[in-house]
Amino acid sequence: MQHYLEGLNEQQREAVLHKDGPIMIVAGAGSGKTKVLTTRIAHLMAAHHIDAFRILALTFTNKAAAEMKERIERTLGNTEARNLYIGTFHSVFARILRAEADRLGYPRSFTIYDTDDARSVVKTVVQELNLDDKHYKPNLVLNRISSAKNALVGPDEYANDYHLQQEDMQSGRPAIGKIYQAYWARCRKNGAMDFDDLLFNMYILLSTFPEVLHKYQHKFQYILIDEYQDTNAAQYQIVKLLAAVHENICVVGDDAQSIYSFRGATIENILQFQKDYDDVKVVKLEQNYRSTQSIIAVANEVIKNNKGQIPKALWTDNHPGEKIRLVRTMTDNDEGKYVADTIQEQKLRNHYNNRDFAILYRTNAQSRSFEESLRRMNIAYRIYGGISFYQRKEVKDFIAYLRVIVNPKEEESLKRIINYPIRGIGKTSVEKAVLAANDGGLSMWDVLGNAAMFGFKSGTLESIDQFVTMIKMFASELDKKNAYDVAVLVGKHTGIVKELFNDKTTEGLARYENVQELLNSIKEWIETPLNEEDGEVGDKSLGAYLQQITLLTDADKDEEDADVVKLMTIHAAKGLEFPVVFVAGIEEGLFPSGMSINSREDLEEERRLFYVAVTRAKQRLWLTYANNRYRFGQLVQNDPSRFLDEIPELHLDKSHAGGRAPGGFGGTSAFDRMHGKPSFGPPPARKPDQRPSYLGPAPKPAQVDHTPSKDFVPSDLSGLAPGQRVEHQKFGFGEVTKMEGSGHNPIATIKFDLNGEKKIMLNYAKLRIL
DNA sequence: CCGAAGAACATTTTT
DNA sequence: TGTTCTTCGG
């Protein structure tokens with residue numbers, strides 16, 4: 001009975017057994033935090049008979065949630081854990097917002113915008129306000145709006161806030177408030193929420209509808225929050241509301257691992273937790289079960305340079321382990337090569353598999369040199385982060401169709417697909433529709449549905465009508481068929497799948513496969529069993545599917561045990577562990593990032609990031625940096641990171657690759673002599689079709705300008721046929737040799753007397769038939 | 001109206 | 001270096 005308690009140490013057990021009232025678990029890296037959380041939930045269910053439906057667990061990634069669920073199932077030996085409310089803040093709130101959408105004036109199947117979508121809405125809004133998007137850069141504006149939302153500052157409040165207005169004035173962007181208002185309104189009109197809205201609207205829902213608040217306050221008898229140090233103000237307020245009745249709130253976190261302040265997270269939440277509730281139980285987990293003593297020592301040495309932490313001492317009983325290897329290379333390419341070589345060597349010497357290695361870096365852009373060298377050595381790898389599956393153009397295009405079917409008010413997706421595949425509704429027509437919509441207070445979809453009233457010319461009108469009919473047809477199929485069948489129908493009926501299939505280039509093939517994979521994922525989603533009865537959660541509609549996938553990262557769909565080296569940013573590595581870790585690019589300006597060296601707060605966050613990176617390693621750790629690195633294609637010099645100076649010499653082994661001379665500059669070492677040359681192998685061969693650069697750019701074929709005859713009048717070209725002689729405004733006289741192209745886009749090939757053979761698009765060019 | 005080709009610009013980090 | 005925006009020719 002309760003065998004699951006046996007593997008716990010004293011503090012862990014204390015955290016698990018504490019039943020009611022607030023508890024804060026300060027959990028150092030690798031101290032068994034997930035184990036405590038899952039055991040605690042299992043214990044609540046098994047020993048105290050708490051219904052799974054009444055437990056809310058908020059995690060940082062979907063993957064962590066899935067893992068926890070699985071572990072609880074294993075512990076309890078049943079499938080009750082499926083009924084837990086467990087997931088990221090964003091996905092759990094999306095679920096609730098879906099159920100309560102009508103109260104906020106949103107459709108149930110509201111669209112969730114990812115960052116790209118949001119950016120593009122900002123851009124349109126800026127343009128519609130007649131502002132310069134060179135000055136009001138969408139990214140910058142969106143960040144500002146995002147921070148406001150994360151601080152629960154709404155658009156009107158923002159626009160009327162003296163202090164914020166002053167700030168925007170001083171940065172020369174006084175119109176941000178206006179943009180925020182317009183952006184907010186546009187999202188509402190589109191029936192869409194961005195990531196931040198999922199939090200903000202959840203807060204609005206709870207704070208304006210007492211009966212809703214009451215419902216969820218009572219429903220969630222126990223609340224657990226992982227990675228509490230990375231919660232922001234909005235999340236904090238929501239949690240406070242939800243926990244107010246039962247006060248059975250358990251937060252787990254480590255202030256030393258707070259690395260998301262750029263996303264509005266505030267370390268204050270965890271530092272202040274004890275003041276938020278009476279009688280907070282505090283448990284500290286300080287024993288590390290993950291890493292060697294050397295690794296823990298280095299982590300501790302570095303992090304102690306930060307001020308204002310919760311006092312704690314991370315220690316371990318583990319093997320002392322090897323010293324940490326510090327490696328300098330000449331360039332980032334050498335760094336890549338060194339790491340790949342070392343992986344190869346370690347595999348042989350210490351019998352590691354590919355999956356035992358991780359390469360961690362500060363920025364996504366650093367992945368390239370590692371990719372290249374790993375590929376060259378035939379070592380399988382996988383990159384996490386970067387462009388996720390659902391962000392690829394072809395996937396997004398397909399998803400846009402599905403979004404429009406479910407929520408036709410949604411303009412971004414509508415604009416994306418209205419002329420894909422090409423159906424003759426071009427930019428001007430779209431602009432016209434948008435303008436008409438804005439003038440009439442309608443949605444673009446409404447305008448398209450009544451296109452005849454808005455004076456489109458007949459050809460366009462026909463295309464629009466066909467398009468509208470098609471979307472309506474898809475939508476009506478949704479009542480009869482499941483999401484997968486409808487998606488397949490969309491692929492067939494629009495011709496997208498066929499078009500991609502016919503593209504036999506490598507990229508075309510990949511695009512085709514991606515769309516197939518998307519279809520498979522829908523199928524899989526349909527076939528996964530629903531949660532038990534819980535009405536507001538489980539529905540297998542297309543709308544629910546779409547909401548869910550936007551919140552997925554590619555870290556979430558890990559083909560587990562694939563034997564590959566993992567490459568990711570340090571942020572993405574949070575919560576993970578690997579036998580062997582390489583932390584790369586430890587240079588001033590890169591790590592710490594050049595953006596963060598101007599304030600103590602930012603710099604300390606970089607240091608915490610370094611701490612996170614180091615503590616991912618279980619057995620062996622390499623720290624690498626390069627003297628020179630390509631940035632924007634330009635070779636740039638970097639100094640070694642200040643963090644390296646904070647590591648006492650005795651923990652380091654510098655013998656492997658040049659080491660690092662005291663004071664930061666190095667003499668020539670064996671490694672330098674080996675790797676000092678900028679490149680390996682034969683010099684890059686010039687592509688055969690490339691002209692040598694000393695010849696200058698290839699001369700353009702001379703063009704003979706033609707002055708049109710005085711009586712030049714463009715003829716009606718609908719009957720144009722090969723053999724006819726024509727006059728072109730610019731190219732002069734010639735003979736039609738061939739006709740091709742489709743109905744509304746005919747192309748004639750014409751052999752000109754003076755300018756050679758050219759292809760002419762007839763509905764553009766002006767020709768006179770002689 | 002559409003694609004190709006050149007220019008401009010971009011790098012923190014992510015739900 | 002790699003992507004996205006703009007321009008231009010067919």
Side-chain angles (χ1 to χ4, degrees), chain A residues 58-63 87-94 112-115 118 123 133-134 137 139 143 146 150 194-199 227 230-232 234-235 259-265 332-333 360-369 372 384-388 391 393 419 422-430 459-460 550-556 568-574 585 589-597 602 605-606 608-609 612-613 629-636 697 700 703 728 730-731 741 744-745 747-750 755 757-765:
Chain A
L58 298 169
T59 61
F60 202 69
T61 64
N62 292 295
K63 193 183 163 205
T88 62
F89 278 89
H90 294 266
S91 54
V92 168
F93 292 171
I112 297 178
Y113 280 157
D114 66 19
T115 312
K123 206 170 159 183
D133 63 356
K134 287 264 153 38
K137 292 197 177 121
N139 258 329
N143 278 337
S146 174
N150 284 326
D194 64 20
F195 289 143
D196 305 316
D197 287 333
L198 293 174
L199 306 181
E227 310 281 12
D230 283 323
T231 51
N232 63 34
Q235 291 165 325
I259 54 175
Y260 277 97
S261 74
F262 68 93
R263 205 164 90 184
D332 49 350
N333 290 327
L360 309 181
Y361 35 76
R362 177 70 240 269
T363 68
N364 281 305
Q366 283 166 259
S367 67
R368 217 192 50 247
S369 61
E372 272 168 24
Y384 292 77
I387 332 98
S388 98
Q391 317 221 69
K393 310 115 227 129
N419 203 30
I422 293 163
R423 51 173 71 87
I425 310 176
K427 217 167 83 182
T428 29
S429 307
V430 172
T460 318
T550 313
L551 300 173
L552 241 43
T553 350
D554 59 351
D556 293 328
M568 63 186 90
T569 63
I570 299 162
H571 282 89
K574 190 167 83 143
L590 187 60
F591 193 14
S593 153
M595 305 256 115
S596 354
I597 47 177
D602 290 348
E605 177 147 324
E606 294 284 308
R608 292 192 292 269
L609 197 54
V612 169
R629 172 176 300 278
Y630 281 95
R631 238 185 176 189
F632 307 138
Q634 219 83 41
L635 204 59
V636 177
K700 279 199 176 151
Q703 183 183 305
H728 186 275
K730 239 161 110 189
F731 303 127
H744 55 252
N745 187 27
I747 300 167
T749 309
I750 299 173
N755 283 309
E757 202 169 75
K758 293 195 186 291
K759 292 193 170 194
I760 305 286
M761 294 172 90
L762 295 185
N763 42 13
Y764 170 80

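Atom set for the values below is all heavy atoms of this structure, side chains included, hydrogens, waters and symmetry mates excluded. The sequence lines fix the lettering, A, B, ..., with proteins before strands; numbering per chain opens at 1.
- Spacing between C:dT6 and B:dT11 at atom C1', rounded to whole Å, works out to 23 Å.
- Between A:Asn143 and A:Lys134, the residue anchored nearer the 5' end of DNA chain B, judged by the nucleotide with its closest heavy atom, is A:Lys134.
- Ring-plane geometry between A:Tyr260 and A:Phe60 is classed as tilted, the angle between the planes lying from 30 to 60 degrees on a 0 to 90 degree scale.
- Not counting sequence neighbours, the partners of A:Ser593 by the side-chain contact (heavy atoms from CB on, under 4.5 Å) test are A:Arg362, A:Met595, A:Ser596, A:Glu606.
- Residue-to-nucleotide proximity on DNA chain B shows that, of A:Arg631 and A:Phe195, the 5′-proximal contact is made by A:Arg631.
- For A:Asn139, the side-chain contact (heavy atoms from CB on, under 4.5 Å) partners two or more places apart in sequence, or in a different chain, are A:Arg119.
- Looking at the side chain of A:Thr88, the nearest of the listed nucleotides B:dT12, B:dC2, B:dT15 is B:dT15.
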Can you tabulate the close N/O pairs, meaning under 3.5 Å, that link protein atoms to atoms of nucleotides 1-4 of chain C?
residue: C:dT1; atom: O3'; partner: A:Arg368; partner atom: NH1; Å: 3.4
residue: C:dG2; atom: OP1; partner: A:Arg368; partner atom: NE; Å: 3.2

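- For the pair A:Asn139 and B:dA10, the criterion of a side-chain N or O lying under 4.0 Å from OP1 or OP2 is not met.
- Residue A:Ala572 places its side chain closer to B:dT14 than to any other of B:dT15, B:dT14, B:dC1.
- With hydrogens and angles ignored, the 3.5 Å screen pairs a side-chain donor or acceptor of A:Asn62 with a backbone N or O of A:Leu551.
- Neither OP1 nor OP2 of B:dT12 sits under 4.0 Å from any side-chain N or O of A:Asn364.
- Between A:Lys574 and the phosphate of B:dT14, there is no side-chain N or O to OP1/OP2 separation shorter than 4.0 Å.
- At the phosphate of B:dT15, neither OP1 nor OP2 sits under 4.0 Å from any side-chain N or O atom of A:Asn150.
- Using the six-membered ring where Trp is involved, A:Phe93 and A:Phe89 have ring planes that are perpendicular, over 60° apart on the 30 and 60° scheme.
- For B:dT12, the OP1/OP2 oxygens have no side-chain nitrogen or oxygen of A:Thr569 closer than 4.0 Å.
- Nearest to the side-chain atoms of A:Lys137 among the listed nucleotides B:dT12, B:dA10, B:dT14 stands B:dA10.
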